[in-house]
Number of protein chains: 2
Amino acid sequence: MKLYFNRWKVLLMQFSKSTGYALHAIIHLARAERGHHVGIKELAALLGVSESYLSKIMSKLRQDGIVRAMTGASGGYELAKSAKLITFFDVIQVVEGRQTMYECFNMDSLQHQLFFESEAQASDPSEHHEGQNCECLVKKVMDGAEQQMVHYLQQHTIQGVLDSAASKKCTK
Amino acid sequence: MKLYFNRWKVLLMQFSKSTGYALHAIIHLARAERGHHVGIKELAALLGVSESYLSKIMSKLRQDGIVRAMTGASGGYELAKSAKLITFFDVIQVVEGRQTMYECFNMDSLQHQLFFESEAQASDPSEHHEGQNCECLVKKVMDGAEQQMVHYLQQHTIQGVLDSAASKKCTK
DNA sequence: ATCTTTATGGACCTATAATATCCATAATAG
DNA sequence: CTATTATGGATATTATAGGTCCATAAAGAT
């Protein structure tokens, strides 16, 4: 007897685990002494993730100029710039990519055509719109929502977390 | 010869296509005459998606009280409430689920323990914190970011899109 | 120079969610 | 009754996240 519990289970659009790893790793680097390199071994053990997997993420962070890496004995990672200058958004972008959160499935669909067609002639029949120039209004709202989140993430830095940790008393 | 273009390609955390379908379908229902039922055939053709797939999504929307469905000839879907009362967030929640966008990978990791441990005793060594009550500061920022987006999506209704379509001239 | 340590990048594997299809069934109007 | 329409279960397909392994390169230590 097979049990199927709601195969139509849906998860909220979520940040990947990699984003969590990246943020936590960077925070650890920020807390390390300046000039000290933290090895992948230490980072991986700290976060409870495999070295090989974490190293992929660190490598991306390096390519984006967020951390520096040194090979060889006593090598490892360090921040490439001040924690004040690293925003959550910077880190997330590296791991999650740079596309927008909402892409309209098919701008050529009848829906999009009809929608704009009817509204365009309501205001000015002479000015015929040209499909692609006319942004989908659903996307417009979704982009606005994303912008809100992005703005917030751009305002929060790694240093901010360290500061709030230092001043925070862990109340129950 | 095999070509691997950046197998570490990453996509931004994105809304599913289903969310797009749902939003566009609901907008179409909102534009239909009151009392008129729109069939899945019409909706699917409009959006350029299969009937069977869209019907799953519509079914979810029905279960959540956003649309009503009628079987039988001249059946179909209609909004279950005024377009003024349906926010983007309502729709998205149905399709994407209700979990938060960021879950900390492992609250028991050394990272989390150390981080709070050292900060807790800085402020008050006598009050020993108890792991789970102490929220991860990374998650705190991420939740804040999500809240920004959610708030925006709660303020934008389906009716809002119809209104802006009506007043909008499609400028190039 | 050589050895050890450490990061890098390519290839590969696996599990799961998103996307999609098909069909039997139920409900309803005419 | 019959035609129409939505529903829900089962299943298939595809892409991505998540993860492993290994050969190689780079740098410090001996």
Side-chain angles (χ1 to χ4, degrees), chain A residues 1-22 25 29 36-45 47-63 67-78 95-97 99 103 105-106, chain B residues 1-22 25 29 35-44 47-63 67-78 95-97 99 103 105-106:
Chain A
M1 168 173 150
K2 258 201 229 170
L3 287 183
Y4 276 93
F5 288 105
N6 191 11
R7 268 291 296 257
W8 251 71
K9 160 178 76 166
V10 270
L11 295 175
L12 174 68
M13 170 188 63
Q14 276 187 321
F15 288 101
S16 65
K17 284 178 143 193
S18 298
T19 289
Y21 296 148
L29 295 185
H36 175 68
H37 288 89
V38 182
I40 195 73
K41 242 191 247 285
E42 182 181 331
L43 277 176
L47 302 187
V49 58
S50 80
E51 301 172 26
S52 36
Y53 192 54
L54 186 58
S55 73
K56 303 284 188 192
I57 298 167
M58 296 310 292
S59 190
K60 269 210 143 293
L61 291 170
R62 180 186 57 80
Q63 286 167 42
V67 305
R68 254 194 301 270
M70 287 275 294
T71 58
S74 78
Y77 301 94
E78 65 177 341
V95 181
E96 303 277 344
Q99 289 136 73
E103 285 304 326
F105 49 92
N106 180 13
Chain B
M1 168 171 151
K2 257 201 230 172
L3 289 183
Y4 276 93
F5 290 106
N6 190 10
R7 268 289 298 255
W8 250 70
K9 160 178 76 167
V10 270
L11 294 177
L12 174 69
M13 170 188 62
Q14 276 187 321
F15 288 101
S16 64
K17 284 177 144 195
S18 297
T19 289
Y21 296 149
L29 295 186
H36 176 68
H37 288 89
V38 182
I40 195 73
K41 241 191 248 284
E42 181 180 333
L43 278 176
L47 303 187
V49 58
S50 79
E51 300 172 25
S52 35
Y53 192 55
L54 186 57
S55 73
K56 303 283 187 193
I57 297 166
M58 296 308 294
S59 190
K60 271 211 142 295
L61 291 171
R62 182 186 56 80
Q63 287 166 40
V67 305
R68 255 195 299 270
M70 288 275 294
T71 58
S74 78
Y77 301 94
E78 64 178 341
V95 181
E96 302 276 346
Q99 289 138 73
E103 285 304 326
F105 48 92
N106 179 14

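Computed over heavy atoms, backbone and side chain alike; hydrogens, waters and symmetry mates excluded. In what follows, chains carry the letters A, B, and so on, assigned in the order in which the sequence lines appear, proteins first and then strands, with residues in each chain numbered from 1.
- Here B:F15 lies out of heavy-atom contact (under 4.0 Å) with every strand.
- If you measure from atom OH of A:Y77 to atom C1' of D:dA27, you get 14 Å, rounded to the nearest angstrom.
- Distance CZ (A:R68) to P (C:dA7): 15 Å, rounded to an integer number of Å.
- When the P atom of C:dT8 is taken as reference, atom NZ of A:K41 falls 15 Å away, rounded to whole Å.
- DNA chain C is contacted by both A:S74 and A:S52; A:S74 maps to the nucleotide lying nearer its 5′ end (nearest heavy atom per residue).
- The side chain of B:S50 lies closest to C:dT21 when the candidates are D:dT4, C:dT21, C:dT19.
- In this structure, B:Q63 reaches the sugar-phosphate backbone alone: every heavy-atom distance under 4.0 Å involves primed, P, OP1 or OP2 atoms, never a base.
- Distance check: A:L29 CG to A:H37 NE2 gives 10.0 Å after rounding to the nearest 0.5 Å.
- Side-chain contact between B:K56 and B:S59 is absent, with no heavy atoms from C-beta onward closer than 4.5 Å.
- Rounded to whole Å, the distance from OH on A:Y53 to P on C:dC13 is 18 Å.
- What separates CE of B:M70 from P of C:dT28 is a distance of 7 Å, to the nearest Å.
- Atom CE in A:M58 sits roughly 13 Å away from atom P in C:dG9 (whole-Å rounding).
- B:H37 has its NE2 atom 12 Å from the P atom of C:dG30, to the nearest Å.
- Residue whose closest nucleotide on DNA chain C sits further toward the 5' end, between A:G75 and B:K17: A:G75.
- Backbone-only contact: A:Y21 has heavy atoms under 4.0 Å from sugar-phosphate atoms and none from a base.
- Evaluation of atom-type donor-acceptor distances gives a pair under 3.5 Å for the side chain of A:K56 against the base of C:dG10.
- In this model, the phosphate group of C:dT19 is approached by a side-chain N or O of B:S16 to a distance below 4.0 Å at OP1 or OP2.
- Minimum interatomic distance between B:L47 and B:Y21 (heavy atoms only, all atoms of both residues): CD1-O, 3.5 Å.
- Side chain of B:S59, nearest nucleotide from D:dT7, D:dG18, C:dA20: D:dT7.
- The separation between B:K60 atom NZ and C:dT19 atom P is 14 Å, rounded to whole Å.
- Taking the nucleotide of DNA chain D with the nearest heavy atom to each of A:G72 and B:S55, the more 5' of the two is matched to B:S55.
- When each of B:V38 and A:E51 is assigned the nucleotide of DNA chain D with its nearest heavy atom, B:V38 is the one assigned upstream, toward the 5' end.
- The side chain of B:T71 lies closest to D:dA6 when the candidates are D:dA6, C:dT21, C:dT19.
- Contact annotation: B:R62 side-chain N/O to D:dA6 OP1/OP2 distance is not under 4.0 Å.
- Pairing each heavy atom of A:A22 with each of A:V95, the nearest pair is CB-CG2, 3.8 Å.
- Counting only distance, with no hydrogens or angles, the side chain of A:E51 and the backbone of A:I40 share no donor-acceptor pair below 3.5 Å.
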Next on the checklist: Could you walk me through whether A:S18 and A:Y53 satisfy the side chain to side chain donor-acceptor pair (under 3.5 Å) test, starting with their C-alpha distance in whole Å, then the side-chain angles of each, then the deciding distance to 0.1 Å, before giving a yes or no?
Outcome noted: CA-CA 9 Å; A:S18 298; A:Y53 192 54; 3.1 Å; yes
